[in-house]
Every structure is written in structure tokens, then in C-alpha cells.
Chemist: 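Take this structure first; my questions come after.
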Amino acid sequence: MEINKLFQKWWVWLLCLLAALLLLIGILTSLYFTPWLQGELESRVKKESSGLYTLKLHGLDFSLLSGRITADSIHLIPSFKVWEQRHKAKQQDTAATKAPRTLIDLSTNKLVLTGINFIGILRGQPLELSKLQVNQPTLLITGMRKDTTESHQPLHNSVDGILKNLKITLIEVEGATLRIREGREAKADRIALEKLSIRVNDFQLDSTAFENNERAYYARGIALESGKVEFRLPDGTYKLQATALKANTEDGTLNIGNLKLIPLLDNAALARSKGQAVSTMRFDVPEVNLSGVDYKVHSRYNNLDAGNVVIKNPSISAFMDRKNFTSKGNKPLPHDFIQDLKTGLTIKKIEVQGMHVRYEELGEEAKEKGLITFEKLDATIRNVTNDKNRMSAKNPAVVEAKTRIYGKVPLTVNLKLNLLAPNGHHILQGTAGPGDLAVLNQILEPTAFMSVKEGSLQKSDFAIELNRNKASGNLNIRYQNLKVDLLTKDEDTRQSKGKKILSSVANKFVIESHNPKAGEELRAGDIEVVRAQRRSVFNYWKDCLVSGIRTAAGVENFGADLQDPNR
């Protein structure tokens with residue numbers, strides 16, 4: 001078709017007219033509307049926040065026809081001076097506008113919003129986007145005052161205006177940094193995440209989405225990955241740190257890499273801050289994997305629910321100084337931690353693989369630290385919950401563990417706990433041996449001032465029933481050739497002449513060197529212990545084993561009085 005004949009067609013002229021109109025609209029938008037919109041947005045933020053925030057936009061581009069807004073960068077800047085003025089005015093006049101609890105400082109690189117229904121917005125319809133894309137945002141949240149609110153309303157009830165009933169088909173955030181601090185002058189962030197990427201599918205900010213059992217946090221699905229993560233405890237004593245974090249609400253997984261608990265104070269400073277003897281703890285876990293995490297339930301009720309937790313090759317160490325600091329107050333049982341939780345907790349199964357445990361203690365009269373280690377500890381923990389429909393005496397939490405004391409003496413433990421029992425009832429059973437009893441000298445010599453000269457453990461088994469105040473049970477222990485040295489507490493002398501004589505007398509006339517003796521029945525070790533309320537639950541369990549060993553060896557009157565709750 002010739003060109004002159006083509007322009008004789010009416011529809012060709014119509015297309016040309018439309019193209020010219022679109023071009024004109026684009027030019028006018030670029031020259032006039034976009035600058036006006038940028039100024040309008042910046043002034044509106046300042047006005048609506050009463051000077052509390054300033055918005056700076058750079059490289060704003062607006063397309064009315066395609067429903068697209070882009071910006072090269074955005075910076076939302078808070079005014080701490082205005083906040084202080086408003087906070088001071090509220091203290092002097094209760095009718096004044098209350099200053100917000102937090103201030104937000106947000107900056108981004110490229111921002112893209114597509115699929116905006118501008119006509120619908122003009123008609124008063126909720127804001128809907130097909131896609132929100134944000135590159136390398138940095139969000140700093142500063143807590144300006146304590147949160148005294150007892151309960152918080154859902155997010156959809158706390159927003160208004162254009163954000164009410166917001167819908168976004170896809171949200172993509174790449175390379176974000178999140179920081180949360182307490183106070184403008186804080187020396188360290190309370191929470192910090194680096195290299196955070198988030199993908200959110202079908203986000204809908206309304207009550208229907210909030211109540212929908214197929215959604216979590218208003219979305220059909222959320223996938224999150226981050227680099228380094230840090231969380232500092234509010235009292236400034238410890239920080240949790242991980243090098244990687246990955247979560248997905250659709251498949252219910254959570255993966256944490258290189259999780260560490262790091263003390264921020266040495267033991268003396270930590271004890272002084274608490275006003276008593278405390279354990280300084282460290283742990284290092286290369287990998288933690290959770291599956292069956294119910295994010296949907298957490299988003300609505302704040303309950304924590306997981307199917308399986310796998311903790312791989314953790315290493316835990318602790319140190320307690322009882323020589324220079326005194327324990328105060330009653331120490332909790334595992335039951336107390338569960339019963340004191342403010343939220344629901346259900347973990348069906350926890351698997352611990354290849355754990356290393358190291359505990360050191362400086363006793364009240366000791367001259368050096370006592371040490372005990374547990375190597376290659378594998379454990380399975382089932383039914384950890386505060387749900388009264390899941391926890392009972394007939395359906396308790398169950399711990400099954402096996403390890404080697406100092407990497408040499410085998411130990412297996414079975415623990416059953418009704419975590420909701422007010423009296424702290426639980427049952428401890430297990431076996432130990434065979435092994436050389438002299439390996440225990442690392443903990444016996446500095447803390448009990450006793451040393452095993454020789455002795456061979458063939459096998460032992462124990463069964464103990466415990467509650468919040470006392471424990472009873474029995475321990476069967478088979479051993480041969482047991483001989484001990486009683487040590488002096490004098491720092492300059494390991495064993496005085498008097499202790500040597502007493503050791504000889506004890507080994508010859510008091511201590512039963514064999515159990516059972518030739519031709520005799522096994523002497524059972526009875527366990528009767530009153531709990532030392534100021535000591536940990538691990539010390540409680542240790543005292544029970546000591547009670548049984550003393551009875552079996554015929555040395556009930558040696559060492560601390562296990563019937564004294566103030567020992």
C-alpha cells in the first residue's frame with residue numbers, strides 16, 4: 001500500500017492523534033506534573049507529621065498511563081529536636097499530641113512501584129500495586145521511650161488513609177540493612193541485620209487477610225534471607241549472633257548458621273551486675289534447622305509452634321565463681337521457665353547432635369577451678385510445651401541423652417518432666433560405666449577436696465523421683481579397688497600429715513573398696529536429698545548421685561550435709 005493512500009485512512013489519523021496526545025502527556029508530565037508531585041509529596045510528609053519527618057526524593061519519574069512511579073533514591077529523615085519538643089509539651093499538657101515511641105530513618109537506592117490504579121485512588125479505592133521493588137534500603141528504628149502498652153493491636157487496625165486495605169501482588173527487597181537501637185545516644189544496636197532480602201507474595205493489609213488460616217503476616221508467602229544478624233539482651237550482658245538466617249512461611253522452615261551466644265562482660269563484672277554468683281555462658285552452634293514452623297499461628301496469636309528442631313555440633317561452656325561471689329535467691333527448675341512464658345510454646349521434637357559441654361567452677365574454699373566435660377552428647381527431646389492439652393503426667397516432656405564424661409566414661413540419661421506440674425515433679429533415670437573413677441579427679445579435687453587414687457567402675461544405674469523440694473531414689477553401682485585421698489584446703493599443701501592418716505583410716509576401715517564384695521549381694525545406694533534452693537537444677541541432680549554413691553561406699557557422713565537446704 002502506498003504511503004499517500006495509507007494516510008487517507010481515518011484510523012491512521014486517529015492513531016497518529018493518539019500517539020501525539022500520549023507524547024504531549026508525557027512531555028507535560030515530565031516538565032510540570034512530576035516536579036509538582038515531588039514537591040507535593042515532600043511538603044505533605046512535613047505537614048502531616050507536623051515537622052517530625054522530612055522526605056527527600058531524587059530522580060522521581062511518574063507515568064500516569066502505565067501506573068508506574070520510580071525514584072533513584074528516597075530518604076525519610078526524623079527530627080529528634082521536634083520529637084523532644086513534642087515530648088516535653090506532652091509532659092506539661094496532657095491534651096498535647098503524644099510523641100511516638102519510635103522514630104524511623106529510612107533511605108533507599110532505586111524504588112519502583114508498578115500497576116498503580118490512579119483512577120481508583122481518585123475514586124477513594126484502596127491503594128493497589130502489582131509490584132513494589134526496593135534496592136538496598138537502610139532502616140534505622142530508634143526507641144525514644146519505653147513501650148508501656150500492655151497489648152498491641154494488629155497492624156491493619158493501626159493504619160489509616162491510603163495504606164488502609166493496601167494490596168501488593170509482589171514485594172521484592174534486596175540488600176537491606178535493618179538496625180534497631182534504644183535511644184539516640186545508644187553505643188550499640190539492640191538488633192542489626194545485614195544483606196537482608198525479602199520476597200512477599202500477595203500482601204493484603206486488612207482483617208480478612210489477618211484472619212485467613214492460609215496466610216501469615218497478611219501474605220500468601222514470605223521468603224527471607226539475611227547475612228549477619230545480631231541481638232543484644234536488654235540488660236547488656238550478652239549478645240546473640242549469627243552469620244546467616246533463612247526463613248520461609250510457605251514451607252515452614254527456619255535455618256540459622258553459626259549461632260553464637262557471646263558474653264559482653266567477664267564473670268566478675270557479670271556477677272557484680274547481678275549482685276550474686278552467676279554462670280558466664282558461651283555457646284557456638286554451626287547449624288540450627290527448624291521445620292514445621294507454624295508462622296500462620298504466630299502471626300495471629302504470637303504462639304511459637306515447630307515440628308522439629310535439629311541442632312548440629314553445638315559447643316557450650318560455663319564458669320561459676322562461688323569463691324568470690326555468693327548465690328542468692330531460689331534457682332528455677334525447667335518447669336519454671338515454661339510456666340513463666342507469656343506466649344504459647346509447642347516444639348514436638350528437638351534433636352541435638354554431637355554436643356560438647358564444658359563446666360568450670362571455683363568453689364568457696366577452692367584454690368583452683370574444678371572442671372567437668374561431656375563429649376559427643378546426642379539427645380532427643382520430645383513434647384516441649386506449655387499447652388495444657390498436650391502436657392500432663394501421662395504425657396510429659398521426655399529427654400533421652402547419651403554422652404561420655406570427659407570423653408571416657410559412657411553415660412545415658414532418661415528424663416521425664418511434667419512441665420506444668422506446680423511441684424516441679426520429674427523422674428531421672430540412667431546408666432554409667434564402665435570406666436576409671438580417677439577421671440573424676442578434675443572435678444572432685446578442687447570442689448570436694450578428695451582424690452580417687454584408684455578404682456574401676458564396671459556399671460551403675462540410677463532411678464530418682466524429684467520435686468521442687470526433695471528427691472529420693474536408688475543407685476546401684478558396681479566398682480572394684482576404690483581408694484581415695486582426702487586433701488587439705490591449705491593452698492600450699494596438697495595433703496597434710498593429718499589428711500594422710502585420715503585417708504589411710506578411711507580406706508582401711510570406712511570406705512567399702514568393692515561393691516559387691518566377694519560372696520555378697522550388691523549394696524544399693526539409697527538416695528535422700530533436700531534440694532539446695534540457691535543451686536541450679538544440674539547441682540540438684542549431681543547431689544542425688546552423690547547421695548547414692550556415698551551410701552553404696554559407706555561414707556554417708558563425708559562431705560556436705562545433703563539434708564541442709566542452705567548448703
Chemist: For residues 212-225, which residue pairs pass the salt bridge (Lys or Arg N to Asp or Glu O under 4.0 Å) check, not counting sequence neighbours?
Modeler: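 As it turns out, the salt bridge (Lys or Arg N to Asp or Glu O under 4.0 Å) pairs with a partner in residues 212-225, which skip direct neighbours, are D202-R215, D202-R220.
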Chemist: Looking at residues at least two apart in the chain, or sitting in another chain, which of them share a side-chain contact (heavy atoms from CB on, under 4.5 Å) with P396?
Modeler: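 Testing P396 for side-chain contact (heavy atoms from CB on, under 4.5 Å), a comparison that skips the adjacent residues, returns V398, K416.
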Chemist: Counting only N and O atoms by type, is there a donor-acceptor contact under 3.5 Å from the side chain of N474 to the main-chain atoms of G525?
Modeler: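 Looks like no, no N/O pair under 3.5 Å.
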Chemist: Do K239 and E230 sit within salt-bridge range, that is, some charged N less than 4.0 Å from a carboxylate O?
Modeler: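 Salt bridge flag = yes for E230 with K239.
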Chemist: Taking NZ, NE, NH1 and NH2 as the nitrogens, is one of them in K369 or D321 under 4.0 Å from a carboxylate oxygen of the other?
Modeler: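 Salt bridge absent between K369 and D321.
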Chemist: How far does OH of Y540 sit from CG of L562, to the nearest 0.5 angstrom?
Modeler: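 It is 11.5 Å, given to the nearest 0.5 Å.
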Chemist: Could you work out, with side-chain contact (heavy atoms from CB on, under 4.5 Å) as the rule, every residue matching L140, not counting sequence neighbours?
Modeler: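 side-chain contact (heavy atoms from CB on, under 4.5 Å) list for L140, sorted by chain: D105, T142, R179, R181.
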Chemist: If the threshold is 4.0 Å, N to carboxylate O, is there a salt bridge linking D564 and R567?
Modeler: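 Between R567 and D564 there is no salt bridge, as every charged N stays at least 4.0 Å from the carboxylate O atoms.
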Chemist: Within the side chain of T385, is there an N or O that forms a donor-acceptor pair under 3.5 Å with the backbone of M391?
Modeler: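 Looks like no, no N/O pair under 3.5 Å.
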Chemist: Does N476 use its side chain to pair, donor to acceptor, with the backbone of D461 at less than 3.5 Å?
Modeler: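 No.
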Chemist: Under 3.5 Å, which donor-acceptor pairs do the side chains of residues 277-284 form with other protein atoms, sequence neighbours left out?
Modeler:
{"residue": "T280", "atom": "OG1", "partner": "N267", "partner atom": "ND2", "Å": "2.6"}

Chemist: Could you tell me which non-hydrogen atom of L419 sits nearest to which non-hydrogen atom of V384, and how far apart they are?
Modeler: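 Scanning both residues, the minimum pair turns out to be CD1-CA, 4.4 Å.
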Chemist: Quick one: list whatever passes side-chain contact (heavy atoms from CB on, under 4.5 Å) with K296, sequence neighbours left out.
Modeler: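 If we apply the side-chain contact (heavy atoms from CB on, under 4.5 Å) test to K296, skipping adjacent residues, the hits are A216, D294, R300.
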Chemist: Do side-chain atoms of R534 reach the backbone of N566 as a donor and acceptor pair under 3.5 angstrom?
Modeler: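 Yes; at least one donor-acceptor contact below 3.5 Å.
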Chemist: Pick out which of Q276, Q533, R322 makes a side-chain hydrogen bond (donor to acceptor under 3.5 Å, both in side chains) with S327.
Modeler: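 Only one of Q276, Q533, R322 forms a side-chain hydrogen bond (donor to acceptor under 3.5 Å, both in side chains) with S327, namely R322.
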Chemist: Indicate yes or no for a side-chain donor-acceptor contact from T249 to the backbone of I222 under 3.5 Å, with no hydrogens or angles considered.
Modeler: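 Here the side-chain-to-backbone pair exists.
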Chemist: Would you please classify the geometry between the H426 ring and the H335 ring as parallel, tilted or perpendicular, with 30° and 60° separating the classes?
Modeler: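 The rings of H335 and H426 sit tilted, inter-plane angle from 30° to 60°.
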Chemist: Got a sec, which residues hit ring-ring contact (aromatic ring centres under 6.0 Å, His included) with F538, two or more places apart in sequence or on another chain?
Modeler: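 Scan of F538 (ring-ring contact (aromatic ring centres under 6.0 Å, His included), adjacent residues dropped) gives W541.
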Chemist: Given E375, which partner from the list K408, R404, H356 fulfils the side-chain hydrogen bond (donor to acceptor under 3.5 Å, both in side chains) test?
Modeler: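 Running side-chain hydrogen bond (donor to acceptor under 3.5 Å, both in side chains) over K408, R404, H356 with E375 returns exactly one hit, H356.
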Chemist: Show your working on salt bridge (Lys or Arg N to Asp or Glu O under 4.0 Å) between R535 and D543 and close with a plain yes or no.
Modeler: CA-CA 10 Å; R535 300 292 182 94; D543 282 350; over 6 Å; no
Chemist: Is the backbone N or O of N515 less than 3.5 Å from a side-chain atom of E520, with the two atoms forming a donor-acceptor pair by type?
Modeler: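 Such a contact is absent between E520 side chain and N515 backbone.
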Chemist: If the threshold is 4.0 Å, N to carboxylate O, is there a salt bridge linking E400 and R382?
Modeler: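 Salt bridge flag = yes for R382 with E400.
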Chemist: Is it true that E174 and S197 share a donor-acceptor pair across their side chains at a distance under 3.5 Å?
Modeler: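 The answer is yes; a qualifying pair exists.
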Chemist: Provide the closest heavy-atom pair for Y406 versus V439 in the form atom of the first, atom of the second, distance.
Modeler: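 In this case the closest contact between Y406 and V439 is CE1-O, 3.2 Å.
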